[in-house]
Protein chains: 2
Amino acid sequence: MKNVNIRALARELNLSLSTVSKALRDSYEISAATKERVRALAAEWNYIPNAYASSLRGRKSKNIAVVLPEVADSFFSIAINGIEAAVKAKGYHVIIYLTHESYAGEAAILKDIQSGRVDGVLLSVSRETTDTAHVQELMDKDVPVVFFDRVLETLAAPKIVTDDAESAYKATAHLIAQGCREIAYLGISDSLSICRQRMAGYMQALGDHQLPVHQRNMLTCTTDGARNFQLVKKLLQRTHRPDGIVASVEKLTTTVYQACRQLQLRMPEDVKLTCFSNLEIATILQPSLTTITQPAFEMGKAAAEVLVKMLEKKPLTAKDIRIVIPSELVVRESSSRQHK
Amino acid sequence: MKNVNIRALARELNLSLSTVSKALRDSYEISAATKERVRALAAEWNYIPNAYASSLRGRKSKNIAVVLPEVADSFFSIAINGIEAAVKAKGYHVIIYLTHESYAGEAAILKDIQSGRVDGVLLSVSRETTDTAHVQELMDKDVPVVFFDRVLETLAAPKIVTDDAESAYKATAHLIAQGCREIAYLGISDSLSICRQRMAGYMQALGDHQLPVHQRNMLTCTTDGARNFQLVKKLLQRTHRPDGIVASVEKLTTTVYQACRQLQLRMPEDVKLTCFSNLEIATILQPSLTTITQPAFEMGKAAAEVLVKMLEKKPLTAKDIRIVIPSELVVRESSSRQHK
DNA sequence: CTGAAAGCGCTAACAC
DNA sequence: GTGTTAGCGCTTTCAG
């Protein structure tokens with residue numbers, strides 16, 4: 001019972017290939033009786049159509065690529081859930097590609113993707129990515145691309161983002177309201193859309209509250225955890241040490257907590273912290289962590305839905321071109337003493 | 001310049017299809033000069049072979065399926081990194097399937113996979129899975145399957161696991177050494193290989209230290225976080241409340257910390273906790289969390305390597321059939337007051 | 001209502 | 001060294 005294909009079914013039933021094929025696809029051309037016979041045997045023999053033959057013929061693979069910087073990060077892993085939720089019912093399969101935050105890796109992946117292996121791409125670019133040619137090339141081949149979270153603004157593809165600038169503004173304003181006057185911003189890239197936006201929101205908030213923007217308070221972290229730890233420690237050892245921190249990425253949570261502990265700085269008394277993070281565990285840290293929680297699941301879901309629309313050749317509305325799903329500032333103890 | 005295929009290249013170069021094909025695959029039959037011409041044009045036109053045509057022909061897709069309960073879990077997301085690392089160099093693509101801990105979902109996925117979409121499968125079964133027929137069916141179709149972490153012992157497929165029983169034993173013995181006499185075990189399934197093993201190790205340790213095994217101390221948690229919280233709280237409110245906990249799964253960390261806090265129980269003074277977890281953030285919890293850290297990356301990598309071996313028809317050695325990579329007990333404050 | 005045949009893009013016998 | 005051809009499994013005109 002190996003390799004059951006349409007030919008085998010046809011032979012067994014004394015029908016032609018095309019009749020069987022049509023019966024299986026429930027064509028109106030085929031009589032109910034024949035359909036029943038075909039379906040019965042197909043079920044009995046456990047016939048499963050060969051995905052590649054269909055793909056080759058129809059030039060659609062029912063695969064979508066999800067290109068991510070990394071997967072061991074709660075934002076991205078939750079986003080994958082959203083993507084999967086949106087896509088499963090439509091019969092699409094999710095191929096995960098990891099760039100490991102490398103531009104070269106990203107370019108290689110997008111190249112590989114041109115093999116027709118996938119029908120469309122969900123993309124969140126690496127922190128190194130500034131050039132857009134590799135994505136443009138894919139789009140030129142009519143492979144639908146939808147950006148989510150980390151976008152390339154100049155490209156004409158739908159973008160699903162959160163309100164990075166606004167939420168960084170809110171977080172910064174919150175720290176100011178809590179009495180901070182020397183607030184640091186920790187980014188992970190100077191080019192990345194989300195980091196620029198968040199930094200812009202941070203700077204705007206300082207400006208609106210008549211606080212100076214100091215270069216010394218804006219740190220760009222690396223992918224090297226140990227090095228980041230040194231950078232943050234140095235920041236917190238300065239004479240005019242920051243009394244507030246807006247960290248733009250989850251990975252830095254551990255770094256800041258450890259640095260504070262080593263330097264015997266108390267949170268929130270000496271330093272107040274807010275962090276872009278989706279870690280559920282934020283609530284049980286001590287102090288519990290004030291987070292800007294991104295709508296990871298919703299963003300993944302929305303991005304996948306727009307992509308599916310494109311794959312189904314449905315017209316995109318203006319709303320689909322840029323979807324902004326707000327993040328939520330959840331104030332906890334790390335930024336607010338009075339918080340219970 | 002759309003749809004560059006071999007035919008187009010052949011036409012342009014006044015060569016036949018097969019000559020071009022052979023040239024691109026660097027066949028010894030083709031002259032160096034021709035190869036050069038072909039390669040030059042292929043590069044210029046940015047020719048990328050159609051993955052489906054090759055797959056259909058050669059009956060290999062260069063895709064592997066990774067079937068997981070969930071992805072928003074540090075063990076699995078790190079394991080994906082290991083898988084990706086092992087597989088990327090070999091040119092394989094990773095398709096992620098999520099069962100969401102559902103047997104029905106798992107069975108549906110394995111069915112879908114029979115379409116030939118993938119060359120092999122890495123599988124970590126859902127907590128509901130007890131039946132093996134769905135996996136057996138796949139193996140009967142000669143789709144190579146490799147289990148990792150959560151295995152089905154009765155099936156004749158390679159298994160990559162950690163030393164669940166031993167590490168649970170170590171964790172339990174550690175708690176006993178710290179003075180615990182009423183130790184609870186929190187599982188998530190009565191059937192899952194890892195939970196049975198861990199529970200066995202726990203019971204063995206109790207026995208070896210002349211402590212009774214009480215049914216009341218063995219809790220099976222659900223997928224419902226709120227309900228788990230109630231269960232754990234109730235456990236900790238008992239007259240003879242446990243003074244130690246071995247939690248078999250990362251998700252329960254938050255639950256236990258919150259329950260302790262709400263009940264004003266101090267860790268480690270009132271309750272000592274060890275948890276199977278790969279959370280980096282464990283170090284900055286207060287108290288910092290004693291973990292049994294699983295070799296997630298290594299397990300994913302090893303599993304993928306064995307699968308690739310099978311796909312390449314290389315013989316498996318006895319060692320490949322069952323690989324056990326030890327976990328590490330990292331003692332921190334949640335189980336040991338004297339820990340700095 | 002059913003069947004014959006072409007063709008998706010590629011590879012590998014098998015000629016020449 | 002190069003070319004011709006068959007065929008992987010499926011879908012879809014187009015004929016009957």
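Remember, it's a predicted structure, so these values are computed and weren't measured experimentally. Proteins get letters first, then strands, A, B, ... in listed order; numbering begins at 1 in each.
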**Closest listed nucleotide, where the reference is the side chain of A:Arg7 and the choices are C:dG3, D:dT4, D:dC8** = D:dC8
**Message:** Strictly below 4.0 Å, N to O, side chains only: are A:Lys111 and A:Glu106 in salt-bridge contact?
**Reply:** no
**A:Thr19 side-chain N/O to C:dC1 phosphate OP1/OP2 under 4.0 Å** = no
**Request:** Could you tell me whether B:Ser55 contacts a base, only the sugar-phosphate backbone, or nothing, with contacts defined as non-hydrogen atoms closer than 4.0 Å?
**Result:** nothing
**Prompt:** Counting only side-chain N and O atoms of B:Ser16, is one of them less than 4.0 Å from OP1 or OP2 of D:dG3?
**Reply:** yes
**Message:** Each nucleotide in nucleotides 11-16 of chain C should get exactly one letter: B, S or -. Can you fill that in based on protein heavy atoms under 4.0 Å?
**Reply:** BBBB--
**Closest nucleotide among D:dG9, C:dC10, C:dG3 to the B:Ala53 side chain** = C:dC10
**Qualifying residues under side chain to side chain donor-acceptor pair (under 3.5 Å), relative to B:Thr19, sequence neighbours excluded** = B:Ser16
**Contacts of type side-chain contact (heavy atoms from CB on, under 4.5 Å), residue B:Lys35, not counting sequence neighbours** = B:Ala23, B:Asp26, B:Ile30, B:Arg39
**Prompt:** D:dG9 P sits how many Å from A:Trp45 CH2, rounded?
**Reply:** 14 Å
**Complete:** Rounded to whole Å, CG of A:Asn50 lies from P of C:dC10 at a distance of 17 Å
**Asked** B:Leu9 CG to D:dT2 C1': how many Å, rounded?
**Response** 16 Å
**salt bridge (charged side-chain N to carboxylate O under 4.0 Å, His left out) contacts touching residues 305-316 of chain A (sequence neighbours left out)** = A:Lys90-A:Glu312, A:Lys301-A:Glu305, A:Lys309-A:Asp320, A:Glu312-A:Lys314
**Request:** Could you list the residues that satisfy side-chain contact (heavy atoms from CB on, under 4.5 Å) with B:Glu70, not counting sequence neighbours?
**Result:** B:Asp73, B:Phe76, B:Glu101, B:Lys251
**N/O (side chain, B:Ser31) to phosphate O (OP1/OP2, D:dT2) under 4.0 Å** = yes
**Asked** How would you list, by chain and number, every residue that makes a side chain to side chain donor-acceptor pair (under 3.5 Å) with A:Thr132, sequence neighbours excluded?
**Response** none
**Complete:** Separation of D:dG9 atom P from B:Gln114 atom CD, nearest Å, is 16 Å
**Request:** Return the value, rounded to whole Å, for the distance between atom CG of B:Leu56 and atom C1' of C:dG9.
**Result:** 9 Å
**Request:** Please check if any side-chain donor atom of B:Ser74 sits under 3.5 Å from a side-chain acceptor atom of B:Ser77, or the reverse.
**Result:** no
**Message:** How many whole angstroms separate atom CZ of B:Arg117 from atom C1' of D:dC10?
**Reply:** 14 Å
**Fill in**
When rounded to whole Å, the NZ to C1' distance for the pair B:Lys60 and D:dC8 reads 12 Å
**Between D:dT11 (P) and A:Ile30 (CD1): distance, integer Å** = 13 Å
